[in-house]
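Reading through the structure tokens given below for one structure.
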Amino acid sequence: MAKGDWNDLTCHVWAHVASKISNQTQVKQLHAQLIQNSLHHHYSWVALLINTCTRLRGPLSCTRTILRYSTATPSPNIYAFISALEYYYTLPVCKEQEVSSLCHQLLASANKPAALYPILIKSSGKAGILFHSHLVKLGHHHDPHTRNALMDSYAKFGPIEAARKLFDEMPERMAEDWNSMISGYWKWGKEAEACCLFNLMPENKRNVVTWTAMVTGSANMKDLITARRYFDLMPRRNVVSWNAMLSGYAQNGFAKEALHLFLHMIKAGDGIEPNQITLVAVISSCSSLADPCLADSVVKFLDKKKIQLNSFLKTALLDMHAKCGNLETAQKIFDEFGEHRNCTTWNAMISAYMRFGNLALARELFDKMPVRNVVSWNSMIAGFAQSGQPAMAIQLFKEMIAITNLKPDEITMVSVISVCGQLGALEMGNWVVNFIVENQIKLSISGYNTLIFMYSKCGSMKDAERIFQEMKVRDTISYNVLVSGFAAHGRGIEAVELMSRMRKEGIEPDHITYIGVLTACSHARLLKEGRRVFESIKFPAVDHYACMVDLLGRVGELDEAKRLIDRMPMEPHAGIYGSLLNASTIHKRVELGEFAANKLFELEPSNSGNYVLLSNIYASAERWGDVDRVREAMRKLGVKKTTGWSWVEHDGKVHKFIVGDRSHERSDDIYRLLEELCRKMGRLGYIVNKSCVLRDVEDEEKEEMVGTHSEKLAVCFALLVSEVGAVVRVVKNLRVCQDCHTAMKMISMLEGREIIMRDNNRFHHFIDGQCSCRDYW
DNA sequence: GTAGGGTTAG
């Protein structure tokens, strides 16, 4: 080959060579070969080299060299320069000044046709606006296309006001100018301005792009109704318009609508063929429906239409298989990616493992991945939070903010807030809220809803109400979370009032609201209000009946409760009989209790609580023979009483206890206090098998069956640290035993402090020797 | 190579 020669054949050969390059050393070798052949001045070579670097996404120094080199060649290649610029600008080490000076060098270095400026600006991404002053200097900014390109850069990357200024200064506007401006407004969340401009735009200038921009804009504001209206009104649709509508549905959780629209598209879509992007939306909808049959038909469709799989499609497929329960296929797709995996692929695989409960493999993958983004951290934090490992979730969050430059976003914070709620860790919750404010993390409605949830789970309804009041826009969930909070804290009146307010503000209560309000009435013994609420439900579900049975039972109307069960239009579930059994225990109704318990033994034979409750009913009626019979039945069936953990938060740290626990550093003090407490309360207490057993003073043979004693340890610890003078929050997951309840009342009276106890879903406020929940013990 | 559509985390 003659030196410096360049023709189609050599181009083809060298392009083939370049396409095989897989590492930086080979790039350098190719560069050396070019120099050897004196081809290095030819701009097509520069383009080839830079494209290779771009493909590898790694050899940074090489790209920088070539970037400088491409402006220094006698005939600089604008396209090669753009490729390099685009790539370089996405790198974290990119220096804007450097880019700007290179741009100016290039612009000043040679005469180029005016048509190149818009291309240069468009292709430069965020760097496009750096050309502005230069173009004004050269007088090129009056060219309509250049001007549009500049305006578009401002519209995309901000400030949007600068774009509007250019737009207003235009003597006449092309459709592209209107479209750029409208899309810009949508991009910056300025819905009103976008719609206003759309209405101002002359009707004959609106084209398929304008309409599609309106569809996408509305969909991004989560207003799918309006998006669909624009879609239906469009005079002409192409594949992009269909994709916009499909993706709108898919990204906003309207999977069924997306699939429905897709079927419509392939049946009567004006002869429009679905492409890769269409299928990405379709596959992601199949993922959220988690239906393996649907997954199968999509795979067949891809095969039939011979659609090429790109990395977006492959990742979507990986996710779909994982969500449909097929981890092997997901794993296979991940393995086939090989070196071409990107961050999203890794993340999809990590969340697949998390979904299958394989935390160890998820962690291994997370540690192995070369680059982690916010989603990677979020997947891990959420995964641990949802797998009952809240401490690990918190640790990862701390690592994230300590060792990475990544900024936690709303999704990170929602996981962390929810962990604080799970743990009942109020101090940590407050710290997290502070973090959100300091780092200016914007929360959406669902973010605020999580905050309300957290505060009510941490026992601070005051804060929960404050957040609710501060919200400018609320949805059904906001009301439901607060109503459930009131219910858990036994504040019935507030729950009923909140539902009225909800109706007044034009938000219709849903079945969850009704469950919350009825539960609140039940805990506060508001029979009249509860009846009214129940009667206002148009189609009461089985859970609403359960709440009503619970309410009737607690206030002692057990016969009416039984009649309601008999009248129910559907089959009663375990919750219904559970409420009846519980009420029978409280009101010592042996026969009704037996009836409910027998139903429950059929429905859930291994639930130990039912046996314990029945045995308690017999005990209260002094039918010791029956007590023994139930215990014997439990033993024979191998039903074990489940034990639970109790938590206390102190000084921002959560302390965890279980029966017989000796692991706490203040364990000795705790047990000493426990004995003292038992003595003070006029009961005999002693420690057996490292755990605490209480015996009734009057009947030394009768061991306490209720309570797991882990809460006793928790209570004692809470008392030990009580000198801090703060509200003590004892958090546990089983019903508080009577001793603890009595102890709490005593302490609240003697020390004049408020004590808040969390008992699974309920809260008990002890003030001045009284407990807030009237139906309790 | 002027404007519109893409995967993962709650």
Side-chain angles (χ1 to χ4, degrees), chain A residues 78-79 82-83 115-123 143-153 155-156 173-184 186-187 205-217 219-220 230 234 237-248 250-251 253 274-284 287 310-320 322-323 342-352 354-355 373-383 385-386 408-418 443-444 446-447 449-450:
Chain A
I78 191 115
Y79 300 116
I82 290 167
S83 302
L116 277 177
Y117 289 112
I119 305 167
L120 182 60
I121 297 166
K122 291 277 165 198
S123 318
D143 169 64
H145 294 300
T146 307
R147 211 172 42 197
N148 172 267
L150 259 176
M151 190 194 81
D152 194 64
S153 284
K156 279 201 177 78
R173 299 173 193 98
M174 314 175 284
E176 294 91 309
D177 297 317
W178 288 91
N179 292 344
S180 291
M181 202 59 227
I182 291 173
S183 305
W186 278 120
K187 196 185 156 65
K205 276 199 178 169
R206 287 179 198 157
N207 57 19
V208 64
V209 179
T210 325
W211 286 97
T212 308
M214 294 309 280
V215 171
T216 311
N220 285 341
Y230 283 118
M234 286 171 87
R237 282 178 280 269
N238 60 17
V239 67
V240 181
S241 333
W242 283 92
N243 290 348
M245 194 64 233
L246 279 169
S247 307
Q251 288 163 3
N275 62 14
Q276 292 177 324
I277 296 173
T278 320
L279 266 300
V280 167
V282 170
I283 292 170
S284 101
S287 310
N310 61 16
S311 71
F312 282 98
L313 260 173
K314 282 187 203 159
T315 308
L317 277 169
L318 188 164
D319 184 59
M320 177 182 77
K323 285 190 178 140
N342 56 39
C343 204
T344 313
T345 325
W346 284 91
N347 293 344
M349 198 64 225
I350 287 175
S351 57
M354 279 294 187
R355 200 168 296 109
N373 63 10
V374 179
V375 179
S376 324
W377 287 90
N378 289 354
S379 305
M380 293 300 288
I381 293 170
Q386 287 156 16
D409 62 7
E410 184 184 3
I411 294 167
T412 326
M413 300 325 291
V414 163
S415 290
V416 177
I417 296 165
S418 141
L443 295 187
S444 67
S446 73
N449 291 346
T450 315

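Every value quoted in this text rests on a predicted model; they were computed, and no experiment measured them. Each chain gets a letter, A, B and so on, in the order its sequence line appears, and its residues count up from 1.
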Checking only heavy atoms, does the side chain of [X] share a donor-acceptor pair with the base of [N] at less than 3.5 Å?
| X | N | result |
| --- | --- | --- |
| A/Asn207 | B/dG4 | no |
| A/Asn238 | B/dG4 | yes |
| A/Asn275 | B/dG5 | yes |

Closest to the [X] side chain: [options]?
| X | options | value |
| --- | --- | --- |
| A/Ser446 | B/dT7, B/dG10, B/dA3 | B/dG10 |
| A/Thr315 | B/dG10, B/dT7, B/dG6 | B/dT7 |
| A/Val414 | B/dG10, B/dA9, B/dG4 | B/dG10 |
| A/Ile277 | B/dG5, B/dG4, B/dT7 | B/dG5 |
| A/Ser379 | B/dA9, B/dA3, B/dG6 | B/dA9 |
| A/Val209 | B/dG5, B/dA9, B/dA3 | B/dA3 |
| A/Thr344 | B/dT8, B/dG10, B/dG4 | B/dT8 |
| A/Ser415 | B/dG10, B/dT8, B/dA3 | B/dG10 |
| A/Val375 | B/dG5, B/dT8, B/dG4 | B/dT8 |

Nucleotide [N], atom [atom2] - distance to [atom1] of [X] in whole Å:
| X | N | atom1 | atom2 | answer |
| --- | --- | --- | --- | --- |
| A/Met354 | B/dA9 | CE | C1' | 11 Å |
| A/Lys156 | B/dG5 | NZ | P | 9 Å |
| A/Ile283 | B/dT7 | CD1 | P | 11 Å |
| A/Met234 | B/dG5 | CE | P | 12 Å |
| A/Gln251 | B/dG6 | CD | C1' | 8 Å |
| A/Asn148 | B/dG4 | CG | P | 10 Å |
| A/Leu443 | B/dG10 | CG | C1' | 12 Å |
| A/Asn179 | B/dA3 | CG | C1' | 5 Å |

* Asked: Does A/Ser351 reach the main-chain N or O of A/Ala348 with its side chain, forming a donor-acceptor pair under 3.5 Å?
  -> yes
* Asked: Got a donor-acceptor contact below 3.5 angstrom from the A/Asp177 side chain to the A/Met174 backbone?
  ->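 Looks like yes, one N/O pair under 3.5 Å.
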For the residue pair [X] and [Y], confirm or rule out a side-chain donor-acceptor distance under 3.5 Å.
| X | Y | answer |
| --- | --- | --- |
| A/Asp409 | A/Thr412 | yes |
| A/Ser446 | A/Asn449 | no |
| A/Asn347 | A/Asn373 | yes |

Name the nucleic acid region contacted by [X], choosing base, sugar-phosphate or nothing; use a 4.0 angstrom heavy-atom cut-off, strictly under.
| X | value |
| --- | --- |
| A/Ala281 | nothing |
| A/Asp177 | nothing |
| A/Asn342 | nothing |
| A/Lys323 | sugar-phosphate |
| A/Val215 | nothing |
| A/Glu410 | base |

* Looking at residues at least two apart in the chain, or sitting in another chain, which of them share a side chain to side chain contact (heavy atoms under 4.5 Å, CB included) with A/Asn220? -> A/Thr216, A/Gln251
* With A/Ser415, which residues qualify under side chain to side chain contact (heavy atoms under 4.5 Å, CB included), at least two apart? ->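 Scan of A/Ser415 (side chain to side chain contact (heavy atoms under 4.5 Å, CB included), adjacent residues dropped) gives A/Ile381, A/Ala382.
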* To do: Respond yes when some side-chain nitrogen or oxygen of A/Arg355 is under 4.0 Å from OP1 or OP2 of B/dA9, and no when none is.
  =>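 A/Arg355 to B/dA9 OP1/OP2: side-chain N or O found under 4.0 Å.
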